Q: 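Just dropping this structure here.
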Amino acid sequence: MKVSLEQLNPRATVLSILLLQAITPANGHYGFPFVEVAGVMSERWEYIRPTATFGPNFDYAGPPSMCGPNGTLPLFPIKTLKVEAGSTIVFGASGQKAWPESDSREPFDPKWSIYHDGPATAYLSKAPGELAEYDGSGEWFKIAAVGASDGIQWDVRESAQVNKLSFTIPKTTPPGKYLMRAEHLNILTSYKGTQMYANCAHLEITGAGGGTPGPTTKFPGAFDAKDPGIWLPNALDHPYQPSDRLKNWQGAGPKVWTG
Ligand SMILES: *[C@@H]1O[C@H](CO)[C@@H](O)[C@H](O)[C@H]1NC(C)=O
Ligand SMILES: [Cu+2]
C-alpha cells in the first residue's frame with residue numbers, strides 16, 4: 001500500500017521518519033559471528049567471541065579494535081575449534097540482528113552479503129593458558145591480507161556479494177590455543193572515516209609447528225587513525241586505473257607472516 005505523506009497526520013509523519021532513522025543504521029553494519037566446520041556453517045556465537053554491537057568501530061587504537069565491542073573476554077562461554085595448521089578458516093558474515101547483538105541466535109543467512117567495499121585481514125595470538133581467560137594482551141601476528149587483486153577494486157565489495165572471509169593458517173604455525181581475529185574495513189577516504197568490523201574465534205591449532213611468527217604487534221595499539229592502511233589517500237579508494245599500491249596492499253599493522 002502506498003500512502004502519500006500529505007495523507008498522514010504531520011506529527012505522525014515526523015515520528016515515523018525519526019523511527020526510520022533510528023532503525024536504518026542497524027542494517028548498515030555487520031560482523032563475523034560464524035565459522036565453517038567441515039564445510040557447514042556453525043551456529044551464531046558457537047566459536048566466535050560475542051560482541052555487543054555490529055556498529056562500526058572508529059576507535060582504531062581502543063579496546064574494540066581487538067575483537068570488536070566487548071570482545072576483550074568472552075561475554076559467555078564459547079567452544080574452541082580444533083584445526084590443523086595449513087587449513088583454511090572460513091568466517092561467516094551477518095548484519096546486526098539484536099540489541100545487544102550478543103543476544104541473537106539467528107543462523108547464517110547465505111543470501112546476505114557484506115555491502116561495504118574494503119580490505120580484509122586476519123591475525124593470530126597464542127593464549128598462555130585457557131582461551132576463556134585470555135584477554136588478548138599477548139603478541140599478535142598477521143596471517144593474511146585480502147586487498148584488491150586487480151589493483152582497482154577491493155575483492156570484498158558490495159558488487160561481489162561476499163558473505164564469507166577465508167584465511168589460511170600458515171603450515172608452520174606453532175601448535176597451541178589461539179585467538180583468531182578477522183577484520184573487514186569499510187575504507188573511506190576521510191580522516192577517521194574508515195569503519196572497522198572485527199570478531200575473534202577460539203582455535204586450537206595442531207600440527208608440527210616449526211615456524212617463528214613475526215613481526216608481532218599488540219591489540220589495542222596495532223593501528224593508528226593515520227596508519228596508511230586505515231586512512232588511504234583518495235587515489236587508492238577508487239583509482240581510475242589499476243594501481244600497484246592498491247594491488248600490493250598489506251593493510252595497517254605488521255607485515256603478513258606466511259610461515
Ligand atoms: C559492553 O560494554 C559496555 C561498557 O563497558 C557495557 O556498558 C555494556 O553493558 C556491555 N554490553 C554487554 C552486552 O555486555
Ligand atoms: Cu556500515
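Predicted, not measured: the structure shown is a model, and the values here were computed from it. Order of appearance sets the numbers: ligands from 1, and atoms from 1 within every ligand.
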Q: Do any N/O/S atoms of Tyr197 come under 2.8 Å of the Cu ion (ligand 2)?
A: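 Yes, since at least one N, O or S atom of Tyr197 sits under 2.8 Å from the Cu ion (ligand 2).
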Q: Which class fits the ring pair Phe91 and Phe167: parallel under 30°, tilted 30 to 60°, perpendicular over 60°?
A: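 Perpendicular: the ring planes of Phe91 and Phe167 meet at over 60°.
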Q: Under the rule for side chain to side chain donor-acceptor pair (under 3.5 Å), what residues qualify as partners of Asp135, not counting sequence neighbours?
A: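 By the side chain to side chain donor-acceptor pair (under 3.5 Å) rule, Asp135 matches Ser137.
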Q: Checking side-chain polar atoms at under 3.5 Å, does Asn199 have a donor or acceptor matched by the opposite partner on Thr51?
A: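 A donor-acceptor contact under 3.5 Å links the two side chains.
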Q: Could you please provide the protein residues found below 4.0 Å of ligand 1 on a heavy-atom basis, arranged by chain and number?
A: Ala52, Asn70, Leu75, Pro100, Ser102
Q: Apply salt bridge (Lys or Arg N to Asp or Glu O under 4.0 Å) to the pair Glu36 and Lys164, showing each step before the final yes or no.
A: CA-CA 9 Å; Glu36 264 183 16; Lys164 298 174 186 176; 2.8 Å; yes
Q: Given side-chain contact (heavy atoms from CB on, under 4.5 Å), test Val146 with Leu165 step by step and report yes or no.
A: CA-CA 9 Å; Val146 179; Leu165 299 179; over 6 Å; no
Q: Just give me the atom name: the N, O or S atom of His29 closest to the Cu ion (ligand 2).
A: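 Of all N, O or S atoms in His29, the Cu ion (ligand 2) lies closest to ND1.
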Q: Could you identify which residues cluster with Phe34, counting Ile, Leu, Val, Met, Phe, Trp and Tyr as linked when any side-chain heavy atoms lie under 4.5 Å apart, either directly or through a chain of such contacts?
A: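 Grouped by the 4.5 Å side-chain rule, Met41, Phe108 form the rest of the cluster around Phe34.
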Q: Which other residues belong to the hydrophobic cluster containing Tyr191, where Ile, Leu, Val, Met, Phe, Trp and Tyr are joined when side-chain heavy atoms lie under 4.5 Å apart, directly or via other members?
A: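 Cluster partners of Tyr191: Trp231.
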